[in-house]
2 protein chains.
Amino acid sequence: MANIAKFDRDDVIHKAMLLFWEKGFNGTSTRDLQQTIDMRPGSIYAAFGSKEQLYSEALECYSREVAAILEQSVADEGSPLAGLESFFRNVVIDRRDTNPSEICMLVKTLSEVRNDQPGLMHLCRELLKRTECRFAGILQQAIKKGEIAEHSDPRLLAKHLQVQMIGLRIYMKTSLNTEAVGELIKSVFDSIKAH
Amino acid sequence: MANIAKFDRDDVIHKAMLLFWEKGFNGTSTRDLQQTIDMRPGSIYAAFGSKEQLYSEALECYSREVAAILEQSVADEGSPLAGLESFFRNVVIDRRDTNPSEICMLVKTLSEVRNDQPGLMHLCRELLKRTECRFAGILQQAIKKGEIAEHSDPRLLAKHLQVQMIGLRIYMKTSLNTEAVGELIKSVFDSIKAH
DNA sequence: TTTATTCTTGAGCGACTGCTCAATAAGAGC
DNA sequence: GCTCTTATTGAGCAGTCGCTCAAGAATAAA
């Protein structure tokens with residue numbers, strides 16, 4: 001009953017998320033984790049059950065934080081479409097050095113996880129779908145505000161944006177060419193406006 | 001001096017490639033490899049030096065095979081642009097069930113490998129760059145044949161295609177929606193033609 | 001303080017990791 | 001046949017893996 005002063009669960013998950021994001025699921029050992037979150041194996045397994053379960057919670061944490069950045073971008077720009085573009089530049093270019101990895105953690109998971117971990121796979125799909133829905137919602141606002149043509153299909157455009165976001169982040173890691181990627185982002189949003 | 005009848009090196013690398021592509025670098029144990037390529041550890045390490053070195057050769061094998069598919073597609077279609085589109089559909093949609101993974105092996109590597117394996121990272125970048133150059137070459141042919149506008153920049157378009165290819169394959173894995181992805185591919189090539 | 005409950009600790013289990021190397025087999029040249 | 005060189009074998013090393021659990025510390029209730 002008593003809410004005994006325990007470790008700060010959210011903080012621990014956040015720290016675990018950063019480590020997992022950097023090193024991947026297989027690349028992160030439980031010893032790494034113990035050191036990073038400053039907990040002993042017994043406590044970790046009592047609190048989270050398994051490495052996979054902790055990873056799940058880290059994924060959800062990641063997804064929440066990305067959603068917050070997106071929301072903030074739209075609010076800051078005061079325009080749905082400009083907010084989206086700012087979000088893209090922010091995530092793909094500006095944060096690439098400070099983030100644990102240039103690549104989206106959901107994509108890293110999807111590409112690493114094997115079919116014998118259906119839970120993680122399913123969670124990834126769910127979280128990516130939510131991002132796509134957020135994109136669609138913002139695009140819908142952009143239509144309302146007349147920033148893009150009324151006959152545009154926000155759900156198709158959202159899929160398009162999802163593909164771009166995934167592709168661009170990886171392309172950024174391969175090319176190391178900030179200018180070229182900036183140009184590519186510009187052309188993505190130019191073509192949306194032109195529709 | 002004598003060319004003693006040894007194992008078939010190319011065949012072994014191909015088999016190793018399929019396993020690595022499926023399970024990733026960290027996810028593939030040397031025991032897995034031993035069984036798959038039917039060699040004992042001593043022979044493997046005598047022939048390839050290390051797991052990482054064998055992985056490098058597997059990556060090059062993968063890249064060669066993808067390049068062959070691209071070349072074949074262009075030859076079959078008798079048109080550079082139609083060949084590219086056929087290649088996209090082939091790789092992103094048609095082969096997704098028979099391939100060891102839906103996702104490009106180079107991208108999987110790039111997303112998994114840590115910075116303490118600079119050799120693999122560098123090789124990935126090199127091989128992806130070559131693919132981009134191949135795209136650019138084919139787009140150049142498309143311009144010559146009048147399939148796309150003369151003022152198009154084949155190198156920029158090639159970067160664009162690279163981003164699409166990467167993004168689409170991952171999106172295919174998340175959405176499992178063949179129709180939507182087919183539509184996305186169509187729109188990619190429609191917009192290239194429209195330029 | 002005493003007792004009951006919750007939380008934390010860390011030694012260590014059994015399985016697995018990448019890899020080595022002395023022993024053996026299999027050819028090539030004579 | 002015989003020697004010399006090269007190829008293959010597989011037991012096993014030293015280290016790491018994810019995880020458990022008996023013991024102890026910390027807090028709450030009485």
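Each chain gets a letter, A, B and so on, in the order its sequence line appears, and its residues count up from 1.
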To the nearest Å, how far apart are [X] [atom1] and [N] [atom2]?
X: A:F25; N: D:dC17; atom1: CZ; atom2: P; answer: 13 Å
X: B:Q34; N: D:dT8; atom1: CD; atom2: P; answer: 14 Å
X: B:M39; N: C:dG18; atom1: CE; atom2: P; answer: 16 Å
X: A:L54; N: D:dC19; atom1: CG; atom2: C1'; answer: 14 Å
X: A:L33; N: D:dC17; atom1: CG; atom2: P; answer: 11 Å
X: B:I37; N: D:dT8; atom1: CD1; atom2: P; answer: 11 Å
X: B:R9; N: D:dT8; atom1: CZ; atom2: P; answer: 11 Å
X: A:Q35; N: D:dG18; atom1: CD; atom2: C1'; answer: 17 Å

- Query: Does a side chain donor of either A:Y55 or A:T28 reach within less than 3.5 Å of an acceptor in the other side chain?
  - Reply: no
- CD1-CG distance between B:I37 and B:L54, expressed to the nearest 0.5 angstrom: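 Answer for the CD1-CG pair, B:I37 versus B:L54, is 6.0 Å.
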For residues 62-71 of chain B, run the donor-acceptor check on the side chains, cut-off 3.5 Å, and write out each pair with its distance to 0.1 Å, sequence neighbours left out.
| residue | atom | partner | partner atom | Å |
| --- | --- | --- | --- | --- |
| B:Y62 | OH | B:M105 | N | 3.3 |
| B:Y62 | OH | B:R169 | NH1 | 3.3 |
| B:E65 | OE2 | B:H14 | ND1 | 2.6 |

- Query: Are A:R9 and A:E57 within salt-bridge range, i.e. N to O under 4.0 Å?
  - Reply: yes
- Task: Please check if the side chain of B:E102 supplies one atom and the backbone of B:M172 the other of a donor-acceptor pair under 3.5 Å.
- Result: no
- Task: Sugar-phosphate atoms are those with a prime plus P, OP1 and OP2; base atoms are the rest. Using that split, label each nucleotide of nucleotides 11-17 of chain C B, S or - for protein heavy atoms under 4.0 Å, 5' to 3'.
- Result: BB----B
- Task: Quick one: sort the A:F88 and A:F135 rings into parallel, tilted or perpendicular, breaks at 30° and 60°.
- Result: tilted
- Message: Whether A:Y45 contacts D:dC19 is assessed here as follows: a side-chain N or O lying under 4.0 Å from the phosphate OP1 or OP2. Is that the case?
- Response: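 So the side chain of A:Y45 is within the cut-off, an N or O lying under 4.0 Å from OP1 or OP2 of D:dC19.
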